[in-house]
Amino acid sequence: QVQLVESGGGLVQAGGSLRLSCAASGLSFGNYAMGWFRQAPGTEREFVAGINRSGWNAYYADSVKGRFTIFRDNAKNTVYLQMNSLKLEDTAVYYCAAARIPATKVDVYDYWGQGTQVTVSS
């Protein structure tokens, strides 16, 4: 059974930082591209960042480029999202997901975590 478990969310002031983690089990982690998505109330789930199988290539939504960094440790079956210079509009539930190929679209991803709440306050 595939499980993706996010952690590291919480409440942070604008301008602050958080690091999200996503621990994977039940799949060959190194064979999957990984992505982070987020969903705020009343909105659709949106792509935030993605990384290929090896970790050499990462790609980002324009809204987070230069502030967020995605990276992975295949030995630990874990993908991370380092979030710096957080803004009020970054408030959302953040999800990690696994896909056979690098992608930005929700429907390409095969497996999803349960999400972790990130709240940015003024």
Side-chain angles (χ1 to χ4, degrees):
Q1 180 180 358
V2 176
Q3 282 194 310
L4 301 178
V5 180
E6 301 97 336
S7 61
L11 176 65
V12 63
Q13 285 192 323
S17 298
L18 280 177
R19 177 177 290 185
L20 306 183
S21 300
C22 172
S25 60
L27 77 170
S28 296
F29 185 71
N31 288 340
Y32 284 83
M34 300 298 295
W36 285 96
F37 291 75
R38 66 186 181 188
Q39 188 168 18
T43 70
E44 294 187 351
R45 194 168 297 189
E46 65 173 2
F47 171 78
V48 174
I51 192 165
N52 71 342
R53 299 175 185 181
S54 67
W56 283 103
N57 292 316
Y59 41 101
Y60 301 91
D62 288 343
S63 59
V64 307
K65 204 170 292 183
R67 300 187 297 120
F68 290 11
T69 302
I70 185 173
F71 58 102
R72 65 191 293 165
D73 185 339
N74 285 353
K76 295 183 178 180
N77 288 358
T78 302
V79 62
Y80 304 91
L81 185 67
Q82 177 66 42
M83 305 186 294
N84 298 330
S85 303
L86 282 160
K87 303 177 180 180
L88 297 179
E89 53 263 42
D90 294 320
T91 295
V93 177
Y94 283 71
Y95 300 88
C96 73
R100 291 286 187 177
I101 58 172
T104 61
K105 295 184 177 182
V106 169
D107 56 7
V108 176
Y109 283 79
D110 300 307
Y111 304 107
W112 292 84
Q114 82 289 346
T116 186
Q117 176 71 47
V118 171
T119 303
V120 183
S121 65
S122 58

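Position 1 is the first residue of the sequence; numbering continues from there.
- The main-chain N or O of S17 is never found under 3.5 Å from a side-chain atom of N84 such that the two would form a donor-acceptor pair.
- Within the structure, every pair that satisfies the side chain to side chain donor-acceptor pair (under 3.5 Å) test and touches residues 99-112, not counting sequence neighbours, is listed here: Y32-R100.
- Residues in residues 91-122 take part in these disulfide bond (SG atoms under 2.5 Å apart) pairs, two or more places apart or across chains: C22-C96.
- Under the 6.0 Å distance and 45° angle rule, R72 does not count as a cation-pi partner of Y80.
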**Asked** After noting the C-alpha distance and the side-chain angles of R38 and F47, does the key distance pass the side-chain contact (heavy atoms from CB on, under 4.5 Å) rule?
**Response** CA-CA 7 Å; R38 66 186 181 188; F47 171 78; over 6 Å; no
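- Y94 contributes no side-chain N or O that, together with a main-chain N or O of S7, makes up a donor-acceptor pair within less than 3.5 Å.
- With a 4.5 Å cut-off on side-chain heavy atoms, L20 and M83 count as touching.
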**Asked** Under the side-chain contact (heavy atoms from CB on, under 4.5 Å) criterion, do S122 and L88 qualify, and how do the steps go?
**Response** CA-CA 7 Å; S122 58; L88 297 179; 4.1 Å; yes
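- One hydrophobic cluster, built from ILVMFWY side chains closer than 4.5 Å, cannot hold both V108 and V2; they sit in different ones.
- In this structure, the separation between CE on M34 and CG on N77 is 9.5 Å, given to the nearest 0.5 Å.
- Between F29 and V79, the shortest heavy-atom contact is CZ-N, 4.0 Å.
- Linking ILVMFWY side-chain heavy atoms closer than 4.5 Å, directly or via other members, places V93 and L18 in two distinct hydrophobic clusters.
- Checked by atom type and distance alone, the side chain of R67 pairs as donor or acceptor with a backbone atom of S85 at under 3.5 Å.
- Distance CZ/F68 to OH/Y60: 10.5 Å, rounded to 0.5 Å.
- Annotation: the span from T119 atom OG1 to L86 atom CG amounts to 11.0 Å, rounded to 0.5 Å.
- In terms of heavy-atom proximity, A92 sits nearest to Q117 at O-NE2, 3.4 Å.
- With rounding to the nearest 0.5 angstrom, the CG atom of N57 is 8.5 Å from the CD1 atom of I51.
- Of the possible polar contacts, one joining the T91 side chain to the V120 backbone as a donor-acceptor pair under 3.5 Å is found.
- Taking both residues in full, the closest heavy atoms of A24 and L27 are given as CB-CD2, 3.6 Å, listed atom of the first, atom of the second, then distance.
- Placement of Y95 and V106 within a single hydrophobic cluster is found when ILVMFWY residues are connected by side-chain heavy-atom separations under 4.5 Å, directly or transitively.
- The backbone N or O of W56 sits less than 3.5 Å from a side-chain atom of S54, completing a donor-acceptor pair.
- A donor-acceptor pair under 3.5 Å links the side-chain atoms of R53 to the main chain of N31, judged by distance alone.
- Residues I70 and Q82 fail the side-chain proximity criterion, which asks for heavy atoms closer than 4.5 Å.
- A side-chain donor-acceptor contact under 3.5 Å links T78 to the backbone of K76.
- When all heavy atoms of A49 and L81 are compared, the pair lying nearest together is CB-CD1, 4.0 Å.
- The environment of Q13 atom CD is sparse: at most 12 non-hydrogen atoms of other residues, nucleotides or ligands sit within 6.0 angstrom.
- Using a distance-only test at 3.5 Å, with no hydrogens or angles considered, a donor-acceptor pair links the side chain of E6 to the main chain of G115.
- Salt-bridge formation is detected for the pair D62/K65: a Lys NZ or Arg NE/NH1/NH2 atom is positioned less than 4.0 Å from an Asp or Glu carboxylate oxygen.
- Of all non-hydrogen atoms in V118 and G9, the two that sit nearest each other are CG2-CA, 4.2 Å.
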